[in-house]
Amino acid sequence: MGRNTRKRRTPLATKAIAASAALALGGGGLIWANFYASAHEENSYGNQTRSAGAQVATINCPDVGQELNDVPEGARSGVAKELALLDQQITDAYSRLASTRQAQAGDTGFVNNAILGPLKSKRVATLDRIGININRVGGKAPQGLDQLAECQGVPAEQPETNDGNGGDQNNDGQDQGQDQGDGQDQGDGQDQGQDNGLDPVPEGNGGQAGNGPVADDFVNIEDVQPGSRNLPNGLAANGDTGSTGTFTTECGTNANNLFNSDNIIVAPGVDNGAHHTHDYVGNQGNNAFASDDDLANAETTCQNQADKSTYYWPVLRLQDGTDEFDANDAGGGAEGNVGTILEASQAEIKFVGNKQSDVVAMPKFLRIITGDAKAFTNGLANANTSFSCTGFEDRQATDKYVICPEGSSVVRTSNFQSCWDGQNIDSANHRDHVAFVQEDGSCANGFQAIPQLQIRLVYDVPAPTVENGQVQNAYAVDGFPEQLHKPITDHNDFINVMDEDLMNQVVECINSGQECQ
């Protein structure tokens with residue numbers, strides 16, 4: 001496999017995850033070191049009283065970036081670096097959580113005193129610097145930023161509640177129990193009660209040596225009901241009215257092996273800003289330090305050389321114990337992302353129209369993120385993407401990895417936001433400038449319809465097997481280590497770098513009902 005050319009140091013704090021990841025076996029089998037205590041000492045978690053046997057499985061921190069929707073342009077670079085530091089602090093804290101299970105078993109206060117307390121102190125200082133960055137350029141920092149400093153431990157065994165939001169769809173493999181079980185205390189004294197619709201983190205079956213996924217993250221595609229996609233986001237915008245054309249761009253499947261763990265959209269100028277490895281197709285100049293001019297002058301893998309857009313997504317890995325090129329790197333094995341990186345057998349990139357109206361041209365360098373890499377702890381507000389199997393694509397699993405029958409391949413689908421505010425190529429939280437279509441296909445709030453990007457990735461993946469609560473031959477998308485490789489965290493990123501003439505061709509093709517490429 002190829003790799004990005006910049007060498008990265010492995011932070012000491014991530015070496016515990018790397019050591020833990022070494023427990024992965026070849027041949028698809030996985031060992032889980034069961035750190036959970038069996039004592040019946042009592043500890044407190046949110047409003048629940050729990051035994052010490054329900055140890056903290058991961059860490060949930062308020063997503064500060066999503067709260068910052070009014071950051072002046074002059075402050076965005078500095079704020080982005082501080083947000084990336086918040087992510088690094090969570091990664092370091094999760095690494096300590098994963099490496100101190102024995103100490104936790106003997107001390108019910110260990111997590112709060114030795115991990116969450118110091119994490120809060122670091123976050124307070126970082127949040128203060130975010131406020132200073134905003135105020136320094138004449139902006140106004142949001143009130144109560146310091147209230148986003150406190151993080152919570154999420155236990156492996158989460159209590160079941162019935163709060164009226166449950167929607168358990170066990171018949172279709174889509175467990176939407178809508179209970180994160182931790183009350184989502186955001187540190188401001190207000191119990192948010194946020195439901196994320198995800199399954200508990202079971203004990204004793206931790207894929208990637210305790211870092212996920214687990215058996216309950218998988219579903220047989222034949223157990224998913226047709227038409228069962230149940231996220232409000234990511235609706236397909238194309239239909240038989242409005243603008244009905246399509247434009248397909250052929251950009252390959254990353255045969256060039258261009259990878260890095262940067263994210264130029266959310267963490268520009270920050271090495272390893274994603275904390276997981278990305279596949280790149282299209283633009284070959286994408287790294288954290290690329291300017292718009294760098295992207296415009298870079299090479300592209302797209303057959304139409306006027307399309308220098310960058311399309312990128314977290315890699316899919318087979319957990320087979322293989323040491324990849326990034327086995328010891330931050331973003332790779334050092335942060336729990338282990339195993340063989342799978343190259344898609346197909347990467348279909350298509351732009352479609354709008355059910356209600358014509359579309360307008362995307363501005364050059366428009367940035368769109370779809371899905372949420374932190375959806376396991378953030379909840380479903382921005383979750384998108386789904387998994388299916390060839391031959392079964394009327395069945396979409398939104399919070400499960402799928403097990404496909406023999407002869408069928410795994411499919412990852414992303415339908416992007418296709419309503420634009422008409423002014424901005426990005427926004428402070430990287431979401432407010434674009435929106436998903438409404439159920440009838442229209443755009444709300446005066447937004448304009450733009451071509452909807454749809455990405456369909458197909459993988460030839462050996463079928464996982466689940467037996468006695470254990471998963472063999474697991475696969476998973478890369479992610480932030482504290483997100484436990486949950487399928488709900490899948491996401492996809494795009495920067496439009498088509499030249500003006502090509503974008504106009506895309507619009508004309510779509511609005512006139514043609515199928516072009």
Side-chain angles (χ1 to χ4, degrees), residues 1-2 218 221-222 224 229 234 236-238 245-259 277-284 286 299-305 307-318 320 324 339-352 368 370-371 384-398 400-416 451-464 473-478 487 490-496 498 506 509-510 515-517:
M1 285 282 185
F218 290 83
I221 191 63
E222 294 172 324
V224 178
R229 179 182 169 85
N238 49 335
T246 66
F247 182 92
T248 300
T249 182
E250 298 284 350
C251 300
T253 58
N254 196 20
N256 289 354
N257 293 331
L258 176 62
F259 305 103
T277 298
H278 284 128
D279 264 320
Y280 290 90
V281 303
N283 198 290
Q284 297 295 282
N286 188 334
E299 295 183 354
T300 179
T301 64
C302 298
Q303 289 183 10
N304 189 325
Q305 293 291 293
D307 184 8
K308 295 188 177 184
S309 301
T310 176
Y311 309 91
Y312 62 104
W313 49 80
V315 298
L316 191 72
R317 294 186 195 248
L318 182 64
D320 57 0
E324 273 287 6
T340 297
I341 292 175
L342 299 170
E343 182 180 331
S345 59
Q346 300 176 52
E348 299 177 1
I349 300 173
K350 181 169 64 175
F351 294 87
V352 306
I368 308 179
T370 197
N384 190 11
T385 77
S386 57
F387 288 86
S388 188
C389 302
T390 54
F392 297 86
E393 290 181 64
D394 60 335
R395 306 167 188 241
Q396 298 285 325
T398 54
K400 303 284 186 183
Y401 296 115
V402 292
I403 300 173
C404 300
E406 185 175 355
S408 177
S409 299
V410 170
V411 180
R412 293 166 71 184
T413 301
S414 300
N415 295 324
F416 280 65
Q452 182 183 47
L453 172 59
Q454 299 180 345
I455 296 182
R456 177 179 176 268
L457 306 172
V458 180
Y459 296 85
D460 298 324
V461 180
N473 234 17
Y475 66 89
V477 295
D478 265 19
D490 197 14
H491 55 284
N492 216 305
D493 303 79
F494 164 69
I495 303 176
N496 171 42
M498 291 187 186
V506 172
C509 177
I510 290 173
E515 294 184 2
C516 307
Q517 59 181 22

Can you find a heavy atom in the side chain of [X] that is under 4.5 Å from one in the side chain of [Y]?
| X | Y | value |
| --- | --- | --- |
| Pro451 | Phe247 | no |
| Met498 | Phe351 | yes |
| His278 | Asn286 | no |
| Thr413 | Ser388 | no |
| Thr277 | Glu324 | no |
| Asn283 | Thr300 | no |
| Ile349 | Val281 | yes |
| Val477 | Thr385 | no |

To the nearest 0.5 Å, tell me how far [X] [atom1] sits from [Y] [atom2].
| X | Y | atom1 | atom2 | answer |
| --- | --- | --- | --- | --- |
| Gln517 | Asn304 | CD | CG | 10.0 Å |
| Asn384 | Asn492 | CG | CG | 9.0 Å |
| Thr248 | Gln454 | OG1 | CD | 9.5 Å |
| Ile221 | Arg395 | CD1 | CZ | 7.0 Å |
| Gln452 | Asn415 | CD | CG | 5.0 Å |
| Tyr312 | Ile455 | OH | CD1 | 11.0 Å |

Report task. Could you tell me whether a side-chain N or O of Asp279 sits under 3.5 Å from a main-chain N or O of Trp313, the two making a donor and an acceptor? Result -> no
Report task. Check whether any side-chain N or O of Thr253 sits under 3.5 Å from a backbone N or O of Ala347 as a donor-acceptor pair, and report yes or no. Result -> no
Report task. Can you sort out the partners of Gln346 under side chain to side chain donor-acceptor pair (under 3.5 Å), two or more places apart, ordered by chain and number? Result -> none
Report task. Please list, chain by chain and in numerical order, all residues satisfying side chain to side chain donor-acceptor pair (under 3.5 Å) with Asp307, sequence neighbours excluded. Result -> Thr249, Ser309, Tyr311
Report summary line: Closest heavy-atom pair, Cys404 versus Ala463, reported as atoms and distance to 0.1 Å, is O-CB, 3.8 Å
Report summary line: Shortest non-hydrogen pair, Ser409 vs Val458, comes out as CB-CG1, 3.6 Å
Requested in this report: Return yes when atom CD of Gln305 has more than 12 non-hydrogen atoms of other residues, nucleotides or ligands closer than 6.0 Å, and no otherwise.
Outcome: yes
Report summary line: Sequence neighbours excluded, the answer for salt bridge (Lys or Arg N to Asp or Glu O under 4.0 Å) partners of Arg412 is Asp490
Report task. Assess whether side-chain hydrogen bond (donor to acceptor under 3.5 Å, both in side chains) is satisfied between Thr390 and Ser408, documenting all intermediate values. Result -> CA-CA 5 Å; Thr390 54; Ser408 177; 3.3 Å; yes
Query raised in the report: Restricting to pairs with a member in residues 452-463, which pass salt bridge (charged side-chain N to carboxylate O under 4.0 Å, His left out), not counting sequence neighbours?
Result: Glu348-Arg456, Glu393-Arg456
Report task. Scan for salt bridge (charged side-chain N to carboxylate O under 4.0 Å, His left out) pairs involving residues 245-258, sequence neighbours excluded, and state none if there are none. Result -> none
Requested in this report: Using the side-chain contact (heavy atoms from CB on, under 4.5 Å) rule, take Asn256 and Thr301 through it: C-alpha gap first, then chi angles, then the decisive distance, then the call.
Outcome: CA-CA 8 Å; Asn256 289 354; Thr301 64; 3.5 Å; yes
Report task. Output all residues satisfying ring-ring contact (aromatic ring centres under 6.0 Å, His included) with Phe387, sequence neighbours left out; order by chain, then residue number. Result -> Tyr401
Query - side-chain contact (heavy atoms from CB on, under 4.5 Å) assessment of Leu316 paired with Val461 - result: CA-CA 10 Å; Leu316 191 72; Val461 180; 4.1 Å; yes
